[in-house]
Amino acid sequence: MGIGATDIMLSDTGEPLTAASGVQQEMTALRFVDLAAESVIVTALLGELVLVLANVAARVYFQHSFLWTDEIARLALSILAFIGGAVAYRRRDHAFVRAILSRCPQHIERGCLALADVVVLFVAGLTAYASIDFLGSSWGEYTPIFQMPAALIALPLTIGMVLMMLYASVNLKRDHGMMALRVGLVFATFITMAALTRDIWLPLLGDDAAIIAALSLFFVAILAGVPVGFVLLLSTATYLWGTGTASLVVLPQTMVNGTGNFILLAVPFFILAGLVMERGGISIRLVRFIHALVGHMRGGLLQVTVASMYVVSGLSGSKPADVAAVGTVMRDELGERHGAAEGAAVLAASAVMGETVPPSIAMLIVGSITSVSVGGMFIGGLIPAAVMALCLMTLIYLRARAANAPRTPRASTGVIARAGLGAILPMLMPATLLAGILMGFATPTEIAAIAVVYGLLLSGLVYREMNFQGFVRIAIDTAALTGVLLFIFAAASSFSWTLTVAYLPQRLVMLLQSVGDSQIIFMICSIVLLILVGVLLEGLPSLNVLAPLLIPIAGKLGLSELHYALVLIIAMGIGGFMPFAGVGFYVCCAVMRCDIETASRAMFPYLMVLLAGLLIVAFVPWFTLALPHYFGFHG
């Protein structure tokens with residue numbers, strides 16, 4: 001017999017226990033799960049940070065390196081990717097595209113939001129099931145140094161998928177109610193009918209039926225607002241099911257392998273450094289110094305925004321951190337002098353420009369999945385970013401001059417000196433980073449770890465603007481944001497495997513050969529493709545999928561892979577900050593607290609200048625290759 005809302009039971013202590021108290025117990029249990037998951041990912045993040053720093057110290061002072069750190073790094077990355085990905089899903093931090101949904105009738109939008117959680121539940125369950133087989137098959141394998149079962153590195157995937165199933169169920173029950181039941185029934189019916197009629201519709205689509213079905217489902221799910229990582233997994237599973245050429249075990253296997261590159265550890269460390277910089281008083285000192293230097297130019301604060309984004313991008317590597325660091329400091333003044341919409345537009349355009357300022361997470365991603373040197377990209381990205389910054393600042397100057405905008409007085413020598421003194425310590429962060437790369441003192445991962453420690457010393461001991469509780473919050477936010485990026489990276493690794501097995505790279509080569517193997521056509525088509533896919537996939541996933549396919553083709557056509565990789569990164573950035581659709585553009589509007597439509601209109605001239613700057617960088621390779629060649633990087 002069921003228990004209604006007014007039914008009463010007795011607890012173990014003899015006290016009345018109602019349905020309301022049952023809900024309270026559920027919430028308490030859920031909070032315990034949340035706390036446990038957050039504790040695990042923060043421990044993985046900070047534990048790996050300590051190990052990387054210890055390895056640097058051992059190498060510098062004792063000429064000895066810990067060979068086992070690579071095995072621990074793989075486990076830490078797996079925890080951050082999959083358990084961190086689950087925490088990020090709980091916080092609703094996963095990337096999705098809802099620009100179209102927001103313009104649909106309310107009942108359709110609600111249905112699609114419920115469908116997104118249903119798909120997450122289904123995909124997480126499917127991946128968890130496949131991961132159990134993968135754990136069993138790899139349990140007899142051992143790591144070379146610690147001799148621990150290799151399956152332990154894959155175990156966080158299973159745990160993360162179970163957590164995502166739990167969180168998706170909670171979302172469906174709490175947020176969607178009966179709508180979730182109706183949408184779930186429709187989804188189950190669709191899956192059942194597709195399975196029962198598989199032998200009918202697959203032959204109708206021809207030899208490429210599986211990849212056509214996978215790509216079709218990919219676009220439909222993206223536009224329906226399903227989080228990007230789960231769309232990639234759903235498409236991969238569809239291809240595997242449609243072809244039958246490989247077991248579903250390929251899904252967890254490629255995901256775990258996709259997070260196994262040691263260089264990916266630089267991603268959470270640079271994000272952590274960026275958040276420490278933003279919340280620890282470092283960013284504001286840099287912005288004040290730049291304001292004192294260029295605030296008197298025509299365009300005033302807009303010029304300061306561009307210059308600040310160039311400098312700040314060299315500290316964090318994370319675009320959300322960059323935008324928040326500069327935007328929150330300058331928001332009120334920008335809104336008062338130039339309007340919030342204009343400020344959001346320049347902030348977005350500057351964020352695109354900063355994609356190639358080291359350290360860039362996009363560069364780390366490309367370096368981990370291709371043969372392009374991360375150090376070469378770090379050095380090579382400085383001048384292209386400066387070219388685009390100059391283009392933006394010229395546009396701002398010309399528009400301000402045409403509007404006869406008033407100019408603010410030049411800062412006095414004393415003001416500049418005081419601001420410069422305050423910015424010396426923060427400026428040592430990018431200087432140390434570049435020096436470490438050029439001198440070979442440390443890897444990008446180790447430099448990122450050193451940047452974290454330096455930022456903590458500045459914000460905690462020198463500026464005294466961060467306490468222990470603030471650092472814990474930053475660590476949790478870092479681990480969750482890292483979870484989003486690494487989970488998408490793992491899912492994109494599976495999807496890239498699918499595209500490769502479906503002979504997509506070979507078909508791209510054949511297509512290029514049909515138009516004469518033209519470098520110019522290939523470059524233009526690549527830019528258009530990356531912008532479009534960057535809009536659809538929120539930037540970084542587009543690089544995960546396309547960079548391993550396109551960069552080798554560029555090399556065969558005689559293009560520099562280093563130069564071409566940086567062009568792809570800029571094009572991806574334009575897509576990610578494209579008005580109306582790019583997720584990065586929404587972040588800028590949220591920071592500036594302005595209307596999206598108004599900011600989109602303001603963004604148009606800056607978008608044109610960004611495209612012009614990208615074409616200059618694309619067709620004048622000297623801007624990209626001069627510094628890398630000078631410092632001995634080739635590619």
Side-chain angles (χ1 to χ4, degrees), residues 1-46 79-96 98 106 109-125 127-128 155-185 187 225-227 229-230 468-484 487:
M1 184 172 63
I3 303 296
T6 58
D7 292 326
I8 299 178
M9 299 185 294
L10 293 180
S11 68
D12 294 336
T13 60
E15 298 177 353
L17 179 64
T18 64
S21 63
V23 172
Q24 184 63 35
Q25 287 183 338
E26 291 180 6
M27 296 302 297
T28 301
L30 194 60
R31 282 196 293 269
F32 175 79
V33 172
D34 293 341
L35 180 61
E38 290 175 352
S39 299
V40 168
I41 60 177
V42 169
T43 300
L45 173 66
L46 299 184
I79 291 172
L80 289 170
F82 304 123
I83 300 180
V87 171
Y89 175 68
R90 170 71 169 157
R91 293 157 56 112
R92 297 291 195 180
D93 286 342
H94 273 263
F96 47 78
R98 292 185 180 166
Q106 187 175 12
E109 182 180 8
R110 290 182 57 238
C112 287
L113 294 177
L115 176 63
D117 285 322
V118 168
V119 170
V120 170
L121 178 62
F122 173 76
V123 171
T127 308
L155 186 59
L157 171 61
T158 306
I159 297 172
M161 293 302 106
V162 172
L163 283 174
M164 288 183 183
M165 292 173 65
L166 171 65
Y167 292 147
S169 300
V170 170
N171 291 343
L172 289 169
K173 178 181 177 181
R174 182 191 62 198
D175 299 337
H176 305 297
M178 289 303 298
M179 174 68 77
L181 183 60
R182 291 192 293 269
V183 171
L185 288 174
F187 181 78
V226 179
F230 297 95
F468 180 75
Q469 291 79 7
F471 175 68
V472 171
R473 286 193 296 270
I474 287 176
I476 294 173
D477 292 343
T478 298
L481 180 55
T482 301
V484 174
F487 181 78

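For the pair M165 and A124, the tightest heavy-atom approach, listed with the atom from each and the gap, is CG-CB, 3.7 Å. The shortest heavy-atom contact between L115 and V183 is CA-CG1, 3.6 Å. Nearest heavy atom pair, residue A116 against residue P227, reads CB-CD, 4.3 Å. When all heavy atoms of L121 and S169 are compared, the pair lying nearest together is CD1-OG, 3.7 Å. For D93 against A480, the heavy-atom pair with the smallest separation is OD2-CB, 4.2 Å. The heavy-atom pair separating G111 from M179 by the smallest distance is CA-SD, 3.9 Å.
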Show me the donor-acceptor pairs within less than 3.5 Å that the side chains of residues 80-89 make with the rest of the protein, sequence neighbours left out.
{"residue": "Y89", "atom": "OH", "partner": "D117", "partner atom": "OD1", "Å": "2.5"}
{"residue": "Y89", "atom": "OH", "partner": "N171", "partner atom": "ND2", "Å": "3.4"}

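The salt bridge (charged side-chain N to carboxylate O under 4.0 Å, His left out) contacts involving residues 32-44 comprise D34-R90, where partners must be two or more places apart or lie in separate chains. Each side chain to side chain donor-acceptor pair (under 3.5 Å) pair with one or both residues in residues 156-166, not counting sequence neighbours, appears once here: S131-T158. For residues 472-481, the pairs satisfying salt bridge (charged side-chain N to carboxylate O under 4.0 Å, His left out) are R91-D477, R279-D477, with sequence neighbours left out.
Evaluation of the ring-ring contact (aromatic ring centres under 6.0 Å, His included) rule for F471 yields no partner, not counting sequence neighbours. For V42, the side chain to side chain contact (heavy atoms under 4.5 Å, CB included) partners at least two apart in sequence or on another chain are L46, A475, I476.
Of the inter-residue distances, the one linking I41 atom CD1 with I79 atom CD1 reads 10.0 Å to the nearest 0.5 angstrom. Atom CG of residue D175 and atom CZ of residue R110 lie 10.5 Å apart, to the nearest 0.5 angstrom. Rounded to the nearest 0.5 Å, atoms OG1 (T127) and CZ (F230) are 8.5 Å apart.
Two residues are said to be in side-chain contact when any heavy atoms from C-beta on lie closer than 4.5 Å; M161 and L157 meet this criterion. Put simply, the side chain of H176 reaches to within 4.5 Å of the side chain of L113, judged on heavy atoms. The side-chain heavy atoms of V120 and Y167, taken from C-beta on, include no pair separated by under 4.5 Å.
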